[in-house]
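To start, the structure under review is shown below, and the notes come after it.
So that the names make sense, note that chain A is the first sequence line, chain B the second, and so on, each numbered from 1.
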2 protein chains.
Amino acid sequence: MDAIDRQLLDLLRANARLSYAELARQVGLSAPAVHERVGKLENAGVIRGYHADVDPESIDLGVTALVRIVHDTSVDIDDLVLAIRGYPEVESCYFLAGDESLLLKLRVATIAELERLVVQLGRTAGVASTRTTIALSTKWESRPRPLSLAPAKASRGGPP
Amino acid sequence: MDAIDRQLLDLLRANARLSYAELARQVGLSAPAVHERVGKLENAGVIRGYHADVDPESIDLGVTALVRIVHDTSVDIDDLVLAIRGYPEVESCYFLAGDESLLLKLRVATIAELERLVVQLGRTAGVASTRTTIALSTKWESRPRPLSLAPAKASRGGPP
DNA sequence: AGCTGACGGTCGATCGCATCCACGGAATGT
DNA sequence: ACATTCCGTGGATGCGATCGACCGTCAGCT
């Protein structure tokens with residue numbers, strides 16, 4: 001994992017559909033070399049996948065909510081997580097340090113659907129209580145933090 | 001936005017590097033037809049981009065934290081959001097209904113870095129107070145909810 | 001009804017890209 | 001010094017992206 005790998009990750013996080021030829025031009029290597037590097041990053045689990053980012057409102061998921069869950073410890077936490085995974089509306093799930101054990105981010109079409117889901121969650125085995133907050137808007141999400149600052153083609157030769 | 005569009009969105013959300021030829025095979029159209037459909041979805045803002053999903057631990061971002069921010073209303077909320085956008089560690093930012101106005105999800109390398117960032121956030125104009133929770137683990141994140149269930153090639157003819 | 005234009009698709013051709021293979025050179029261990 | 005390994009380049013080949021020409025369907029108009 002050197003500077004060129006980091007640059008490739010940056011490029012693919014910004015645009016996952018770049019061709020290997022284009023990536024090669026950007027980092028100053030040949031296409032096969034880039035192909036091999038990216039393959040290794042995939043196999044090593046550094047790159048976990050490539051996903052289209054779809055506007056939620058466009059696909060009728062205009063309501064975003066955050067639900068914090070207090071764990072009823074008579075049920076194993078892994079079983080609870082597994083049960084929650086069964087709800088497709090739950091986009092993300094974090095295991096927290098603190099009073100509430102889990103934070104869920106979920107998206108649904110309507111407030112009515114949210115109500116239905118929160119009630120169902122509250123009845124799920126292992127859930128002691130829930131605390132729900134509506135997200136009025138998403139300012140941004142999944143913003144990638146750049147790993148490398150300089151393009152590799154320039155500045156050959158170590159720091160001054 | 002018909003069933004085939006939804007199917008294309010599903011396919012690209014699962015794997016953004018599928019070729020147009022492969023997409024075409026999956027939905028039962030020709031490659032140029034798929035090319036045009038995807039282009040329209042991009043131009044309409046339904047597809048906002050394509051991003052590689054990189055394992056945070058692999059790029060030295062092993063600490064995930066959630067910070068809730070109480071807004072000091074003497075500063076405009078938009079200015080506050082803009083200031084927070086300046087911190088590259090903040091991956092996501094939601095505007096909430098409730099006591100705390102903002103929820104931030106951020107990733108850093110170490111607890112020490114987290115401390116530094118939380119202190120800085122607390123000093124930012126418009127921040128009345130912060131409440132920080134560490135995420136011990138991310139069970140899952142950005143899981144896409146499938147839009148269509150059936151492959152378009154099969155089951156021609158309405159429901160029974 | 002018949003005409004017309006917009007829309008969305010197919011087909012065929014061309015050019016670039018992905019991918020495989022053989023080869024080369026630098027860094028490393030013996 | 002030599003052998004080995006790693007990582008790269010260059011060339012060849014078949015597939016995919018993409019363009020242009022053409023076709024069927026449908027809605028609205030005369």
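- If you measure from atom CG of A:Leu18 to atom P of C:dG16, you get 19 Å, rounded to the nearest angstrom.
- Closest to the side chain of B:Tyr20, out of C:dT10, C:dC17, D:dA17, is D:dA17.
- Going from atom CD of A:Glu22 over to atom P of D:dA17 covers 16 Å, rounded to whole Å.
- Comparing A:Arg17 and A:Arg37 against DNA chain D, the residue whose closest nucleotide sits nearer the 5' end is A:Arg37.
- For the pair B:Glu36 CD and C:dA6 C1', the interatomic distance rounds to 12 Å; values are reported in whole Å.
- Nearest nucleotide to the B:Lys40 side chain, out of D:dA17, C:dG8, C:dG9: C:dG8.
- The side-chain tip of A:Arg116 does not point at the ring of A:Tyr87 from less than 6.0 angstrom away and within 45° of straight on.
- Taking the side chain as every heavy atom from C-beta outward, A:Asp99 and A:Val70 never approach each other to under 4.5 Å.
- Looking at the side chain of A:Leu29, the nearest of the listed nucleotides C:dT10, D:dG8, C:dC17 is D:dG8.
- A salt bridge is defined here as a Lys NZ or Arg NE, NH1 or NH2 lying under 4.0 Å from an Asp or Glu carboxylate O, and B:Asp60 with A:Arg6 fails to meet this definition.
- We find that B:Glu141 and B:Arg107 are joined by a salt bridge, their nearest charged nitrogen and carboxylate oxygen being less than 4.0 Å apart.
- When the side-chain nitrogen and oxygen atoms of B:His35 are compared with OP1 and OP2 of D:dT18, one or more of them lie within a distance under 4.0 Å.
- In this structure, A:Asp2 atom CG and C:dA27 atom C1' are separated by 15 Å, rounded to whole Å.
- Side-chain proximity of A:Pro32 to the nucleotides C:dT10, D:dT9, D:dA17 is greatest for D:dT9.
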